[in-house]
Each structure stands twice: as C-alpha cells, then as structure tokens.
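Below: one structure, written as structure tokens.
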Amino acid sequence: MDIFKLLEELGIKFQMLEHAAVYTVEESRRLRIFEKISGQPCKNLFLRNKRGEYFLLVLPADKRADLKLVAKLLNLPRLSFASEEELEKILGLHTGAVTPLGIINDAQKKVRLIIDAELQGKNLLLHPNRNTATISLAFEDLTKIIFRSEHEYFLLPSRRSK
C-alpha cells in the first residue's frame, strides 16, 4: 500500500520536505532537515529477540536507545538489531528508511511498535517509507495508522538517558 494514499484515506494532514537521501540522524542534522520542517525528529530501530519476535522502537532522535532497559521494561528476552534482509522482507524498507509508517507493508502483523511516551502529543518527523523525504505528522495520526494496519504498540515510559 502507498503511504500517501493511506494518509489521504484517513484524512491525515502532514507537511513534507523532499531532500537528498539520508541514512542517519546525524546526516539529517548536517542537511539541516530538522530546521526546515517543524516537529520532533525521531530515531527508529528495527529489532528482534531470540524468539523471532520483531519490534520497531521509536524514540526522540537525541535519546540513546538502551535496548537492555527496553527489554526489561517490557518483560522481553534480549533485543538486538534485525538484519537488513529481515527489514526488507517484513517491512519492505531498506537501511536508512526505517520508519513506523513501514508497518503498512507488514501484512503478516509480525512487528510490534514500541514508542517512547515522550513523543505523545507532538508532531513527529518520520520518513514516508523512503529516506529522500521527511514528513511531519501528529502522534495521534500515527496511532490511527497503527490501528488501521491492525498492529499494536507499547508506550515506553519516558526516561531521559544521558
């Protein structure tokens, strides 16, 4: 499914900025993307555990991902990064374009989202399933997409790490 068709279908308003391909938050900063579009930059990590369960962790871009703590808080076995092949097969995405919007491609409902509670009520800066654009949409609209795609998400208690 095309993410833009879904956004239109759900009546979700968003802003979009086209830009050169970026693969990291740092590259986005160097291109000053976050200065050109309003919202909270996000870091998105595609993870798995030894039971073969998949997760997409969404947190503020400047926050360190403590996978050990995330696993403990959600009572999960140790989390590690999923492979690029798994990312492509399950979410239809490639490295650098990881985004919670990719769940629309997860027809088998293998991925559960873990979202940092600090993101609630904010406009989020996310890739629209490609790393050559960034869109800004409301957290509440992201939850509409999650429910529409019949996925679930966990809110991770917000803890600032240094």
Spell out, as yes or no, whether a donor-acceptor pair under 3.5 Å connects the side chain of Lys43 to the backbone of Lys63. yes

Could you check whether any side-chain heavy atom of Leu126 comes within less than 4.5 Å of a side-chain heavy atom of Thr134, counting everything from C-beta outward? no

Could you tell me whether Arg48 and Glu53 have a side-chain N and a carboxylate O separated by less than 4.0 Å? no

What about Val25 and Tyr23, same hydrophobic cluster or not, with Ile/Leu/Val/Met/Phe/Trp/Tyr joined at side-chain heavy-atom distances under 4.5 Å? no

Side-chain heavy atoms nearer than 4.5 Å, only ILVMFWY residues, links allowed to pass through others: does that put Ile146 and Leu125 together? no

If you draw a 6.0 Å radius around NZ in Lys109, do more than 12 non-hydrogen atoms from other residues or ligands fall strictly inside? yes

Determine whether Glu88 and Leu93 make a side-chain contact, defined as any pair of heavy atoms from C-beta on separated by less than 4.5 Å. no

Quick check: do Tyr54 and Asp106 have side-chain heavy atoms less than 4.5 Å from each other? no

Do Leu56 and Leu91 come close enough that some side-chain heavy atom pair is under 4.5 Å? yes

Residue pair Asp116 / Gln40, side-chain heavy-atom distance below 4.5 Å: no

Is it true that Phe81 and Phe46 have ring centroids separated by less than 6.0 Å? no

For a 4.5 angstrom cut-off between non-hydrogen side-chain atoms, does Asp141 reach Phe14? no

Donor-acceptor pair, side chain of Lys36 and main chain of Leu31, under 3.5 angstrom: yes

Taking the side chain as C-beta and beyond, is there a heavy-atom pair between Leu47 and Ser80 under 4.5 Å? no

Does atom CZ (Arg30) have a neighbourhood of more than 12 heavy atoms from anything else shown, all under 6.0 Å? yes

Are any of the side-chain nitrogens in Lys144 or Glu9 under 4.0 Å away from the carboxylate oxygens of its partner? no

Side-chain donor-acceptor pair under 3.5 Å between Glu86 and Ser83, yes or no? yes

Quick one: do Phe34 and Leu124 end up in the same hydrophobic cluster if we chain Ile, Leu, Val, Met, Phe, Trp and Tyr together by side-chain heavy atoms under 4.5 Å apart? no

To the nearest 0.5 Å, what is the distance between CE on Met16 and CG on Leu137? 12.0 Å

To the nearest 0.5 Å, what is the distance between CZ (Phe4) and CG (Leu6)? 11.0 Å

Should we count CD of Glu18 as having more than 12 external heavy atoms under 6.0 Å? yes

Side-chain heavy atoms of Ile33 within contact of Val22, under 4.5 Å: yes

